[in-house]
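These values consider heavy atoms only, across backbone and side chains, with no hydrogens, waters or symmetry-generated copies. Convention: sequence-line order gives letters A, B, ...; per-chain numbering from 1. What you are looking at is a predicted structure, and each value in this text was computed from that prediction instead of being measured.
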There are 2 protein chains.
Amino acid sequence: MLNDLELAAGDVQGGGKMELRLWLRLLSTTKLISQELRRRLRIEFNVTLPQFDVLAQLHREPDGLRLGDLSQRTMVTNGNITGLVERLETDGLLVRERLREDRRVTVARLTEHGRSEFERMAHAHESWLKELMRDMDPEVLTSLFSHVSEIKHAALTRFAATDELDGALD
Amino acid sequence: MLNDLELAAGDVQGGGKMELRLWLRLLSTTKLISQELRRRLRIEFNVTLPQFDVLAQLHREPDGLRLGDLSQRTMVTNGNITGLVERLETDGLLVRERLREDRRVTVARLTEHGRSEFERMAHAHESWLKELMRDMDPEVLTSLFSHVSEIKHAALTRFAATDELDGALD
DNA sequence: CTTAATTATTTTAAGTTTAAAGTAATTTGA
DNA sequence: TCAAATTACTTTAAACTTAAAATAATTAAG
């Protein structure tokens with residue numbers, strides 16, 4: 001049994017629940033920032049965050065992507081991609097077409113309008129992030145990137161034991 | 001106009017788009033971990049992640065919380081708290097009651113069953129996180145916590161200019 | 001005192017999310 | 001060949017999310 005001193009020392013700092021505290025901080029921080037980015041994307045460009053994410057993935061692939069690949073890259077389930085792409089097609093930002101050689105496959109590709117709209121969005125989106133992190137030491141950003149990557153890697157290896165997580169490398 | 005060398009030096013490392021890269025890494029990492037925690041909470045305890053979050057907040061307040069406070073602390077909108085609390089009441093994990101002195105106010109409070117169930121969940125939840133971060137250097141965890149907090153603080157101050165973000169201190 | 005403003009919560013509509021079941025096309029293997 | 005398995009996508013149901021409108025209770029102001 002631990003005495004008062006050990007309990008206090010363990011909880012106040014260091015060993016105690018740092019993993020939990022860090023996780024809660026990561027979660028609340030990304031939630032906070034996501035909410036604001038979502039708000040701005042809606043107000044300025046009338047798109048949702050997942051829609052922006054889909055557009056971003058398609059923008060790097062001028063020939064388009066299969067819905068399955070899109071699903072992996074955005075970490076959005078297959079079932080969800082269907083509706084997302086449907087709405088974006090309705091808005092004229094992308095087109096869908098069936099592959100002739102394998103008619104199970106649907107490829108989504110940005111329209112010219114979608115491409116130019118996304119480029120406007122991406123520019124604003126990046127500048128919001130730059131502004132947000134304006135006062136952060138560049139070395140801190142680099143170190144954060146590398147340490148967060150370490151956690152991501154741990155999640156991929158430890159959690160992958162159960163599932164089959166292949167993609168999601170970004 | 002920048003020459004090739006400057007362009008290359010700028011993009012490959014350091015200045016370029018580190019803010020964007022860090023943000024995408026933070027987002028994909030929290031999404032990945034959330035997905036697995038959600039999966040395990042569902043399988044082992046039959047609760048969702050937002051429900052777990054509500055229970056966690058109520059667990060620290062034996063006298064219960066107003067729905068508005070619950071909304072702030074969980075960063076869940078008012079409208080959403082209604083349904084969440086409704087389902088948790090149906091499952092017998094909490095009770096709602098109207099305040100006599102101000103009948104606009106509803107207070108939610110854990111039942112005895114809710115309290116003991118949450119404690120089981122919290123124990124498992126914490127051990128999953130410890131396991132996930134097993135190989136991380138404790139100093140890295142501490143440094144991550146402090147740097148992520150810096151970003152959170154920046155978001156609260158920069159974004160608060162527009163909105164009125166008071167709570168969300170955790 | 002009584003209407004107007006404010007506060008707390010609920011409702012609504014559109015969209016996203018997960019998990020699971022369903023459909024269609026293609027590939028495999030007996 | 002042709003039934004069974006696999007693959008790609010869609011559909012479904014329940015829950016969550018946001019933003020905005022609606023309801024109800026209290027407080028404030030004239």
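- Salt-bridge annotation for B:Glu44 and B:Arg120: absent, with no side-chain N of the basic residue lying under 4.0 Å from a carboxylate O of the acidic one.
- Side chain of B:Thr111 to backbone of B:Leu93: a donor-acceptor contact under 3.5 angstrom is found.
- Atom CD of B:Glu89 is separated from atom C1' of C:dT10 by 15 Å (rounded to the nearest Å).
- Phosphate proximity of D:dT18 to A:Arg39: absent, as no side-chain N or O sits under 4.0 Å from OP1 or OP2.
- In this structure, B:Gln72 atom CD and C:dA8 atom C1' are separated by 12 Å, rounded to whole Å.
- Linking ILVMFWY residues whenever their side-chain heavy atoms come closer than 4.5 Å, directly or via other members, leaves A:Leu110 and A:Val107 in distinct clusters.
- Across the protein-nucleic acid pair, B:Arg103 atom CZ and C:dT6 atom C1' stand 18 Å apart, rounded to whole Å.
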For nucleotides 1-3 of chain C, give me every protein contact, N/O to N/O, under 3.5 Å, one pair per line with atom names.
none

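- C:dG15 atom P lies 18 Å from atom CG of A:Asp53, rounded to whole Å.
- Within the structure, a side-chain polar atom (N or O) of A:Gln35 is placed less than 4.0 Å from OP1 or OP2 of D:dT18.
- Rounded to an integer number of Å, the gap from A:Phe52 CZ to C:dG15 C1' is 18 Å.
- For the atom pair A:Glu150 CD and B:Asp137 CG, the distance stands at 8.0 Å (nearest 0.5 Å).
- Without hydrogens or angle criteria, A:Gln57 side chain to A:Thr74 main chain gives no donor-acceptor distance under 3.5 Å.
- To the nearest 0.5 Å, the span separating CG on A:Asn80 from CG on A:Leu67 amounts to 11.5 Å.
- The side chain to side chain donor-acceptor pair (under 3.5 Å) search around A:Arg134 returns A:Glu131, not counting sequence neighbours.
- When rounded to the nearest whole Å, the span between CG of B:Leu84 and C1' of C:dT9 equals 14 Å.
- Between B:Glu126 atom CD and A:Trp23 atom CH2 the span is 14.5 Å, to the nearest 0.5 Å.
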Walk along nucleotides 6-12 of chain D from 5' to 3' and tag each nucleotide B, S or - by protein heavy-atom contact under 4.0 Å, base first, then sugar-phosphate. -BSBBB-

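- Looking at heavy-atom distances under 4.0 Å, B:Thr48 makes contact with sugar-phosphate atoms alone, never a base.
- Spacing between atom CZ of A:Arg38 and atom P of D:dT17 amounts to 10 Å, rounded to whole angstrom units.
- Rounded to an integer number of Å, the gap from A:Ile43 CD1 to D:dT18 P is 14 Å.
- Summarising the geometry of B:Gln35 relative to A:Met75, their closest heavy-atom pair is NE2-O, 3.7 Å, with the distance given to 0.1 Å.
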